[in-house]
Amino acid sequence: MSELNKDVVDLVWGRPSSGVSVSIFRRWAQGFVFSESELTALEQFEGGPCAVIAPVQAFLLKNVLFSRESSNWRQMSEEEQKMALCSTLSEILESVCSSTSTGFCLVTWAKGQSPHTSTQTITQAQSQTQDMPEPASSQPPQEQQPTALAAEELGFEQFHSVLHKRTVMSVAHLREEVLSLYHTWRGCCGVLLFLYSVILTKGIENIRNEIQDTMEPLIDPVHGHGSQSLVNLLITGHAVSNVWDGDRECSGMKLQGIHKQACVGFLTLMESLRYCKVGAFLKSPKFPIWILGSETHLSVFFTKEMSLVGPESPSEQARRVFQSFDPEDNGFIPESLLEDVMKALDLVSEPEYVTLVKSKLDPENLGIILLGPFLLEFFPDQDSGIPDSFPVYHYNGLKQSNHKERVEYVEGTALVLGFEDPMVRTDDTPVKRCLQTKWPYIELLWTTDRSPSLN
């Protein structure tokens with residue numbers, strides 16, 4: 001991998017003047033390890049790698065909840081954990097692959113160079129060529145215990161000197177290889193090895209073409225947080241930097257967004273603070289699982305209630321189309337755009353009728369059309385089909401963010417109302433504010449004494 005190392009390092013870590021700090025690298029150098037307290041939950045040991053672990057957890061939950069026959073989704077044997085994790089990693093690699101003709105890349109330890117070999121051997125490896133014929137495959141479990149943090153003797157430079165890349169050309173072969181590397185994914189640096197596999201499978205140039213600011217690394221070398229481009233890459237297969245639907249133009253520059261409905265969704269506290277606006281493709285995914293973003297961390301909110309992600313209703317489509325003409329999220333459009341909105345929704349758009357609608361929706365001649373009255377005019381009293389209440393769960397992979405420092409799902413009940421009801425007002429927590437960007441009048445009743453943490 002020596003010829004690719006510099007490009008990969010620049011893309012992932014940027015070019016910090018003083019290099020990547022020991023503490024940042026150490027935080028990212030963990031493997032995919034299941035919680036002993038929650039058998040379907042992955043554990044995160046320090047801040048940073050949630051940008052990879054949370055998307056993997058979201059897809060893993062999708063597979064456990066909706067593709068597994070067992071009725072008890074929270075119970076898994078070690079063999080079932082192995083199959084669930086490896087099928088999830090394969091699925092993400094398949095989603096990022098631009099063309100099957102280029103194959104899938106897997107980044108592993110060069111033969112005999114995993115952190116479990118002796119320090120002397122690793123030191124010698126720095127002067128050896130890395131063009132090894134075969135990758136290190138799954139090692140015996142007794143040698144490959146899950147490593148919480150980087151092996152102390154393995155630094156940033158040394159890590160990149162003992163990597164090996166191999167390419168497989170078929171999906172079937174990919175799934176076999178990922179499964180055979182289970183102990184590699186669980187062990188030291190498993191998260192980074194998977195991330196590098198994703199990047200090389202997608203293609204460095206393809207990622208650079210999608211990232212808005214190519215100078216922004218996927219991992220902040222100062223604070224260690226993953227970028228939105230990294231999160232989007234793992235969720236959607238595209239490393240775009242924005243969360244809105246479709247592309248937008250600003251001062252002649254094309255800003256890329258999300259182009260199709262995602263399998264799992266994304267909501268962010270930043271939207272409640274009006275820093276951004278998440279589009280419908282991420283807000284309304286195919287499965288009722290959402291990655292939740294705070295200022296510094298990612299967690300996962302999920303339910304088994306599939307009615308939450310049913311086909312888009314006419315009123316939801318109308319809201320999405322109206323908001324596409326309102327990029328500033330003002331809640332209104334100039335009346336000159338009303339005809340375009342009505343055409344986009346296949347409503348009657350004859351000039352005389354549009355004029356009539358304008359006079360009804362803008363009786364004071366302010367020159368604007370508000371979203372609320374527009375929806376009431378054309379889509380009144382539409383039942384969303386969502387049940388009044390349903391069970392929900394929240395996952396936070398950080399031990400210190402969980403009760404008694406045990407990574408476990410927090411259970412609760414959600415009530416989605418059509419209006420604000422002071423009688424059932426529950427709390428005002430960051431989790432709730434994040435969810436209100438999708439369901440403005442959601443209320444949450446958790447079974448624990450304290451609400452789950454976004455951080």
Side-chain angles (χ1 to χ4, degrees), residues 1-2 4-33 42-57 107-109 113-115 119 122 126 146-163 184-200 204 207-208 211 213-234 239 241 270 291 293-299 396-401 405 407 453-455:
M1 260 193 70
S2 53
L4 286 171
N5 267 352
K6 186 177 183 303
D7 287 340
V8 173
V9 169
D10 285 353
L11 181 66
V12 176
W13 303 98
R15 298 175 186 174
S17 55
S18 56
V20 176
S21 75
V22 172
S23 65
I24 296 291
F25 177 66
R26 190 192 74 235
R27 279 158 47 186
W28 272 87
Q30 74 163 83
F32 292 103
V33 181
L42 296 170
E43 201 163 297
Q44 180 184 340
F45 297 99
E46 294 189 68
C50 59
V52 174
I53 292 174
V56 169
Q57 177 68 51
V107 178
T108 62
W109 304 111
Q113 304 302 329
S114 86
T119 307
I122 291 179
Q126 288 180 304
T147 307
L149 303 174
E152 289 303 318
E153 69 272 15
L154 188 71
F156 184 82
E157 299 294 335
Q158 206 155 359
F159 167 71
H160 290 91
S161 74
V162 291
L163 298 181
T184 298
W185 309 128
R186 290 178 75 220
C188 170
C189 298
V191 169
L192 281 176
L193 293 174
F194 174 66
L195 172 58
Y196 285 19
S197 300
V198 166
I199 287 167
L200 292 183
I204 291 172
I207 293 175
R208 284 185 176 143
I211 291 179
D213 179 3
T214 54
M215 298 304 290
E216 180 194 2
L218 295 180
I219 298 173
D220 184 327
V222 177
H223 301 104
H225 304 308
S227 69
Q228 188 65 50
S229 294
L230 172 54
V231 176
N232 286 349
L233 174 62
L234 295 168
S241 305
M270 295 298 99
I291 294 165
S294 72
E295 301 94 332
T296 58
H297 188 48
L298 296 171
S299 56
N396 188 324
L398 279 171
K399 266 188 172 184
Q400 59 266 36
S401 298
E405 295 200 349
V407 175
S453 172
L454 267 191
N455 291 312

Could you check whether any side-chain N or O of E43 sits under 3.5 Å from a backbone N or O of V33, counting only pairs where one atom can act as donor and the other as acceptor? no
Can you find a heavy atom in the side chain of Q44 that is under 4.5 Å from one in the side chain of H297? yes
Distance col, row L298:CG vs H225:NE2, nearest 0.5 angstrom, shows 10.0 Å
Could you tell me which residues satisfy side chain to side chain donor-acceptor pair (under 3.5 Å) with S299, sequence neighbours excluded, listed by chain and number? H394
Report the distance from atom CD of Q400 to atom OG of S453, rounding to the nearest 0.5 Å. 9.5 Å
Are side-chain N/O atoms of N455 and S401 paired as donor and acceptor at under 3.5 Å? no
Sub-4.5 Å side-chain heavy-atom contact between V52 and W28: yes
Over all heavy atoms of both residues, which pair between G226 and A51 is shortest? Give the atoms and the distance, please. CA-CB, 3.6 Å
In this structure, CZ of F194 is separated from CD1 of I199 (nearest 0.5 Å) by 10.5 Å
Would you say the ring centers of F159 and W109 fall short of 6.0 Å from each other? yes
So R15 and K6, do their side chains get closer than 4.5 Å, heavy atoms only? yes
Under 3.5 Å: donor-acceptor pair, side chain of S197, backbone of V107: yes
If you take all heavy atoms of L398 and N396, which pair is closest and at what distance? N-OD1, 3.1 Å
With rounding to the nearest 0.5 Å, note down the distance linking CG in L233 to OG in S227. 9.0 Å
Just wondering, do V191 and V56 contact through their side chains at under 4.5 Å, heavy atoms? no
Side chains of I24 and F156 in contact at under 4.5 Å (non-hydrogen atoms): no
Got a list of side-chain donor-acceptor pairs under 3.5 Å for residues 215-222, not counting sequence neighbours?
residue	atom	partner	partner atom	Å
D220	OD1	V222	N	2.7
D220	OD1	H223	N	3.2
D220	OD2	H223	ND1	3.4

Between the OG atom in S294 and the CG atom in L454, the distance rounded to the nearest 0.5 Å is 5.5 Å
Looking at side-chain heavy atoms only, is the closest gap between I207 and L11 below 4.5 Å? yes
Taking G47's backbone N and O only, do any of them form a donor-acceptor pair with R27's side chain (distance below 3.5 Å, no angle check)? yes
Take the angle between the ring planes of H160 and F25 and call it parallel below 30°, perpendicular above 60°, tilted in between. tilted
Do L230 and L195 have side chains that approach each other closer than 4.5 Å (heavy atoms only, starting at C-beta)? yes
Under the side-chain hydrogen bond (donor to acceptor under 3.5 Å, both in side chains) rule, what do T184 and T108 come out as? Steps first, then yes or no, please. CA-CA 7 Å; T184 298; T108 62; over 6 Å; no
To the nearest 0.5 Å, tell me how far I53 CD1 sits from L42 CG. 7.0 Å
